[in-house]
Trainee: 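One structure, pasted below without further comment.
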Amino acid sequence: MSASPIFSSAAMGRPFIFSLPTSFPPCPEKFAEESTKRHATKAAQILAAIGAAPKLAAVVPASRLDVRPVPEMVSSGIPQLDSLTGGLAQGCLTEICGAASSGRTSVLLCALARATQRGEVCALVDASDAFDPASAAAAGMEMSRLLWVRCGEKYPWRKNHTAARRGSTAGGSNQGMPSGIPQVDENGYGFSRWESQLGQLLKVTDLLLQSNGFGMIVLDLGDVPVQSARRIPLASWFRFRRAVEHTPTALLVLEQQPIAGSCSSMLLKVSAGHAQPGNRPAHSGLTYSELLDQFEITVELLCSRLGKKSERKPVQSMTYFKSRAAWAG
């Protein structure tokens, strides 16, 4: 240590002694480098101690896994789709997005028909009451193995529209409203048209995933507006993903646009291609009338988190298949 006299203008006759350090801290770059080395050394020591334990010798850190564990795959009922993705993953969440009349319902019917033919019990949570049992039976689905959950009444928002506006004006009361979804719609009212349906869908899905008795669970949000579907909290999708892990259940979500984010293990986009009209009906007196026999459906694999971490999208990411009408034979 060294001492240095310092004088002030207020007391020139009284010297003040301050101790000054003989060494100064290193520069920030050198300090950061040394800190990084210390953390790396400590991490290596911890990993070595874990590896020395007999019960933890076979444990590999997730950061060192080049290949993630591949789940069991089941057939989707469409050979072209199975060749592209390997099928539908069990214990994972798969998103199928597309606009109206894009072919997503055809994928839904084929997947449920194939699952019921395998002897599995399936569940369909229909948020907009758009499921057609006649079309499902024509696709080969065994209806006795399907649980069809229809969410909400036909127009539940009309009965509660006035009461909800009064509650929001009086003090913003949301008693009796499903939790987890914002209570204000795009028009500023206190009750959204799809609030009841989405609230029931979240509750029913939790019950179905906890039952562990279904081979496939499908959430049909195809007719729900994108603005309303995106109000489903991301925490709900994380909860669904955790609940379906390590189970033989394949969880499918049909939607207009992706909404589950990183919670989905596979993201598929379907779009309609060229339509092929059939012969003109013989009994029709209209010379310009035609029947639609089939149309081509394009399926694109947008994202897959089932393989290596570096492989988000394979080289072959698109396939085609044709959907035929029931009267086309």
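In this text the structure is predicted, and so the values were computed from the model without any measurement.
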Trainee: Testing the basics here: between Thr85 and Met73, what is the closest heavy-atom pair and its distance to 0.1 Å?
Mentor: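 It is O-CE, 3.6 Å.
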Trainee: Can Arg231 and Glu195 be said to form a side-chain contact (heavy atoms from CB on, under 4.5 Å), step by step?
Mentor: CA-CA 10 Å; Arg231 291 175 183 165; Glu195 181 71 26; 5.8 Å; no
Trainee: Please name the pair of heavy atoms, one in Ser102 and one in Ala99, separated by the smallest distance, quoted to 0.1 Å.
Mentor: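 Heavy atoms of Ser102 and Ala99 come nearest at OG-O, 2.6 Å.
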Trainee: Let me confirm one number: the NE2-CD distance from His246 to Gln90, rounded to the nearest 0.5 Å.
Mentor: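 Here the interatomic distance stands at 13.5 Å.
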Trainee: Walk me through whether Glu245 and Arg242 qualify under salt bridge (charged side-chain N to carboxylate O under 4.0 Å, His left out).
Mentor: CA-CA 5 Å; Glu245 280 182 343; Arg242 294 289 296 175; 3.3 Å; yes
Trainee: Is any side-chain heavy atom of Ser264 less than 4.5 Å from a side-chain heavy atom of Arg305?
Mentor: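 Side-chain contact under 4.5 Å: yes.
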Trainee: Honestly curious: do Val226 and Val253 fall in one hydrophobic cluster under the side-chain, below-4.5 Å linking rule?
Mentor: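 Looking at the clustering, Val253 is in a separate group from Val226.
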Trainee: Scan side-chain atoms only and decide if Ser75 and Asp82 contain a donor-acceptor pair under the 3.5 Å cut-off.
Mentor: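 Result is yes, a qualifying pair exists.
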Trainee: Which pair of non-hydrogen atoms, one from Pro71 and one from Cys92, has the smallest distance, and what is that distance?
Mentor: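 Nearest pair, atom of Pro71 first, then Cys92: CG-SG, 3.8 Å.
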Trainee: Please report the interatomic distance OG1(Thr94) to CG(Leu251), rounded to the nearest 0.5 Å.
Mentor: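 Result: 7.5 Å between the selected atoms.
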Trainee: Can you find a heavy atom in the side chain of Leu146 that is under 4.5 Å from one in the side chain of Met141?
Mentor: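 A side-chain contact exists here, since the closest heavy-atom pair is under 4.5 Å.
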Trainee: Do Leu108 and Leu252 have side chains that approach each other closer than 4.5 Å (heavy atoms only, starting at C-beta)?
Mentor: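 No; the side chains remain at least 4.5 Å from each other.
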Trainee: Hey, are the side chains of Leu198 and Leu202 touching, using non-hydrogen atoms and a 4.5 Å cut-off?
Mentor: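 Leu198 does not reach Leu202 side chain to side chain.
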Trainee: Distance from Arg114 atom CZ to Met216 atom CE, nearest 0.5 Å?
Mentor: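 So the gap between those two atoms works out to 10.0 Å.
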Trainee: Pick out which of Ile96, Thr319, Ile78 makes a side chain to side chain contact (heavy atoms under 4.5 Å, CB included) with Val299.
Mentor: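 It is Thr319; the other options fail the test.
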Trainee: Could you check if a side-chain atom of Trp148 sits within less than 4.5 angstrom of a side-chain atom of Val125, using non-hydrogen atoms only?
Mentor: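 A side-chain contact is absent here, since even the closest heavy-atom pair is not under 4.5 Å.
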Trainee: At their closest point, which heavy atom of Leu93 faces which heavy atom of Ala260, and how far apart are they?
Mentor: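 Distance-wise, the nearest heavy atoms are CD2-CB, 4.2 Å.
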Trainee: For the CD atom of Glu95 and the CG atom of Leu221, what is their distance to the nearest 0.5 Å?
Mentor: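 Here the interatomic distance stands at 9.5 Å.
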Trainee: For Asp220 and Phe131, what are the C-alpha separation, side-chain angles and deciding distance, and is it a side-chain contact (heavy atoms from CB on, under 4.5 Å)?
Mentor: CA-CA 9 Å; Asp220 189 359; Phe131 180 69; 5.7 Å; no
Trainee: Just checking Glu72: does its CD atom have more than 12 heavy atoms from other residues, nucleotides or ligands closer to it than 6.0 angstrom?
Mentor: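 No - once you tally the heavy atoms of other residues, nucleotides and ligands closer than 6.0 Å, there are 12 at most.
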Trainee: What are the two closest non-hydrogen atoms of Leu201 and Thr205, and how far apart are they?
Mentor: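 Heavy atoms only, the tightest pair is O-OG1, 2.6 Å.
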Trainee: State the CZ-OG1 distance between Arg38 and Thr41, to the nearest 0.5 angstrom.
Mentor: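 The OG1 atom of Thr41 is 9.5 Å from CZ of Arg38, to the nearest 0.5 Å.
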Trainee: When rounded to the nearest 0.5 angstrom, what distance separates CG in Leu268 from SG in Cys97?
Mentor: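 Rounded to the nearest 0.5 Å, the CG-SG separation comes out at 8.0 Å.
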Trainee: Would a distance-only check, ignoring hydrogens and angles, find a side-chain to backbone donor-acceptor pair under 3.5 Å from Gln256 to Val224?
Mentor: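 Answer holds: yes.
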Trainee: Determine the minimum heavy-atom distance between Asp223 and Ser128, stating which atoms define it.
Mentor: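 Looking at all heavy atoms of both residues, the shortest contact is CB-OG, 3.3 Å.
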Trainee: So, do Cys263 and Leu234 sit near enough that their side-chain heavy atoms are less than 4.5 Å apart?
Mentor: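 A side-chain contact under 4.5 Å exists here.
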Trainee: Please say whether the positively charged group of Arg241, taken as NZ for Lys or CZ for Arg, lies over the ring of Trp237, i.e. under 6.0 angstrom from the six-membered ring centre and within 45 degrees of the axis.
Mentor: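 Relative to the ring axis of Trp237, which defines the angle, Arg241 lies outside at least one limit.
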